[in-house]
2 protein chains.
Amino acid sequence: MPKKVDPQERRTRIADALMRVAAERGLEAVSLRHVAAEAGVSAGMVQHYFRTKDEMMVFALDVVRERGQVRVSRAVAELGENPEPRALLRTVISAILPRDEESRGDAKVGLAFLAYTAVRPEAAESLRKDVEEMIRYVQTLVPVPGGAEGLLAMMEGLGLYVIGGYYSLDQALKVLDAHLDLLFNAGP
Amino acid sequence: MPKKVDPQERRTRIADALMRVAAERGLEAVSLRHVAAEAGVSAGMVQHYFRTKDEMMVFALDVVRERGQVRVSRAVAELGENPEPRALLRTVISAILPRDEESRGDAKVGLAFLAYTAVRPEAAESLRKDVEEMIRYVQTLVPVPGGAEGLLAMMEGLGLYVIGGYYSLDQALKVLDAHLDLLFNAGP
DNA sequence: GGGTTGGCAATACGACTGCAATGCCATGAA
DNA sequence: TTCATGGCATTGCAGTCGTATTGCCAACCC
């Protein structure tokens, strides 16, 4: 067995290229050849690591999700032990909102994938699991009934608006804080 | 000058077909030939009314926006004169959320266009105007500072979740009502 | 050091794309 | 009736797509 490489590394390398293409030119510009060119490899190699385009897409989607989770975990870790629910929520949500160029790109790609899965429900499962998990998690932190779902919805919407350039990140955070005020003053 | 037809009617007819294709199979399945087939006309005719594909897309986007505005206007009209701000907001927002199959399709297409314009800022202008107008309008109705932006963001997020199938429309409306409770009890 | 095998490149193929060019045909003006 | 013209259909073209196939090449085992 000759030439050993790390397939996982190759795959994420390719997926990274995919995400750059998707963030800059949209998901519909994602083709084997474009991704290969962006990754600086041959189209044949892309095919070697992803037997089909859909396989590549699903993998890339997973990478986006994972990077998001890492961002959240890191932000939460910086918060120390036993943080207040409100501070925790703010940290989690502001870690999810598009902050720098990387997370902005990820958000764009995520949006594109959302539209993608809105029509291919079979590819939506991993997204679905994430969202439901998130809802349950936030529900344990929000003191107002029905408030968790609303807060998450608002988060998504704020993300949309930030991507679209309607709000800056600062404005979005102000709106978020105002809403947290509402939630945590109406509580006990 | 022979055979007079109504070009506007033809164009909206084609745009309708475009939207059916996009709602069922995604925006990337929108091609001149598919749209033509769906509309039951020849591909040449589509080309005759839209010199380029982008022209067709932009037109279709406008149709989606317009249909949304009509839905809102109708719902508001049914409300009678001088409605309470809260009732007005609830009516407007629940008219925007995906309700029946038509508005659900429109929402899917809108989502796809959002991803589309996230990468083609030049096509986003009409969307942008709509959003900003909406923000200003809602600001006149919400008694809490920063509450309008949050409410709209929440609306967008709820729309996403309903499209994605995470929430039913009823659940989304419950969440909306809970949030309106918060807003209008915290106010004066 | 020959043979085997994993890693990758190159090519070919059929389907599909957006778009331009061309042609037919019915109509209304002359 | 003739003919110019707007409305539309057809066809062709150059390019890109995803995928299957094939072949080369370097590396390891024996």
Side-chain angles (χ1 to χ4, degrees), chain A residues 1-22 24-61 109 112-113 115-117 119-120 122-123, chain B residues 1-22 24-61 109 112-113 115-117 119-120 122-123:
Chain A
M1 288 151 190
K3 244 203 267 195
K4 52 172 189 181
V5 295
D6 180 1
Q8 194 63 17
E9 183 271 339
R10 298 281 203 215
R11 289 165 76 96
T12 58
R13 186 173 147 78
I14 293 172
D16 278 353
L18 188 159
M19 263 135 42
R20 285 197 300 274
V21 172
E24 282 167 26
R25 293 190 279 159
L27 247 195
E28 51 189 24
V30 169
S31 76
L32 296 186
R33 290 162 175 84
H34 284 161
V35 171
E38 174 72 33
V41 301
S42 82
M45 179 166 152
V46 175
Q47 265 193 111
H48 185 248
Y49 285 104
F50 299 102
R51 293 206 313 239
T52 169
K53 186 189 173 182
D54 265 325
E55 201 179 306
M56 180 174 69
M57 299 288 249
V58 170
F59 184 85
L61 175 55
V109 177
F113 268 118
Y116 184 79
T117 57
V119 157
R120 278 166 212 77
E122 76 278 5
Chain B
M1 288 154 195
K3 247 204 264 194
K4 54 171 185 180
V5 294
D6 179 2
Q8 194 65 14
E9 184 271 339
R10 297 282 203 215
R11 290 166 75 95
T12 59
R13 185 173 147 79
I14 292 172
D16 278 352
L18 188 159
M19 262 134 44
R20 284 197 300 274
V21 172
E24 282 167 27
R25 294 191 279 158
L27 206 57
E28 50 188 24
V30 169
S31 75
L32 297 185
R33 290 163 176 83
H34 284 161
V35 171
E38 174 73 32
V41 302
S42 82
M45 179 168 153
V46 175
Q47 262 193 111
H48 185 248
Y49 285 104
F50 299 102
R51 291 206 316 240
T52 170
K53 187 190 172 180
D54 266 326
E55 200 179 308
M56 180 174 69
M57 299 287 250
V58 170
F59 184 85
L61 175 53
V109 177
F113 269 119
Y116 183 80
T117 57
V119 158
R120 279 166 210 76
E122 75 279 4

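First the proteins, then the strands, lettered A, B, ... as listed; each starts at 1. Please read these numbers as outputs of a predicted model, since none were measured by experiment.
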Can you tell me if the side-chain N/O atoms of [X] get under 4.0 Å from OP1 or OP2 in [N]?
{"X": "H34(A)", "N": "dT16(D)", "answer": "no"}
{"X": "R10(A)", "N": "dC8(C)", "answer": "yes"}
{"X": "S31(B)", "N": "dT17(C)", "answer": "yes"}
{"X": "S42(B)", "N": "dT10(D)", "answer": "no"}

Write down the distance between [atom1] ([X]) and [atom2] ([N]), rounded to a whole number of angstrom.
{"X": "R51(B)", "N": "dG7(D)", "atom1": "CZ", "atom2": "C1'", "answer": "16 Å"}
{"X": "M45(B)", "N": "dC25(C)", "atom1": "CE", "atom2": "C1'", "answer": "16 Å"}
{"X": "I14(B)", "N": "dC8(D)", "atom1": "CD1", "atom2": "P", "answer": "9 Å"}
{"X": "Q47(B)", "N": "dA20(C)", "atom1": "CD", "atom2": "C1'", "answer": "7 Å"}
{"X": "M57(B)", "N": "dG18(C)", "atom1": "CE", "atom2": "P", "answer": "9 Å"}
{"X": "H48(A)", "N": "dG18(D)", "atom1": "NE2", "atom2": "C1'", "answer": "18 Å"}
{"X": "R33(A)", "N": "dA20(D)", "atom1": "CZ", "atom2": "P", "answer": "13 Å"}
{"X": "L32(A)", "N": "dG18(D)", "atom1": "CG", "atom2": "P", "answer": "5 Å"}

Looking only at non-hydrogen atoms, find the nearest pair between [X] and [Y] and report the distance.
{"X": "L32(A)", "Y": "M56(A)", "value": "CD2-CE, 3.8 Å"}
{"X": "L27(A)", "Y": "F113(A)", "value": "CD1-N, 4.1 Å"}
{"X": "H34(A)", "Y": "V21(A)", "value": "O-CG2, 4.2 Å"}

- Message: Taking K53(A) first and then E28(B), would you say they form a salt bridge - that is, a charged N and a carboxylate O separated by under 4.0 Å?
- Response: no

- Look at all strands and tell whether V30(B) reaches a base, only sugar-phosphate, or nothing, counting heavy atoms closer than 4.0 Å. sugar-phosphate

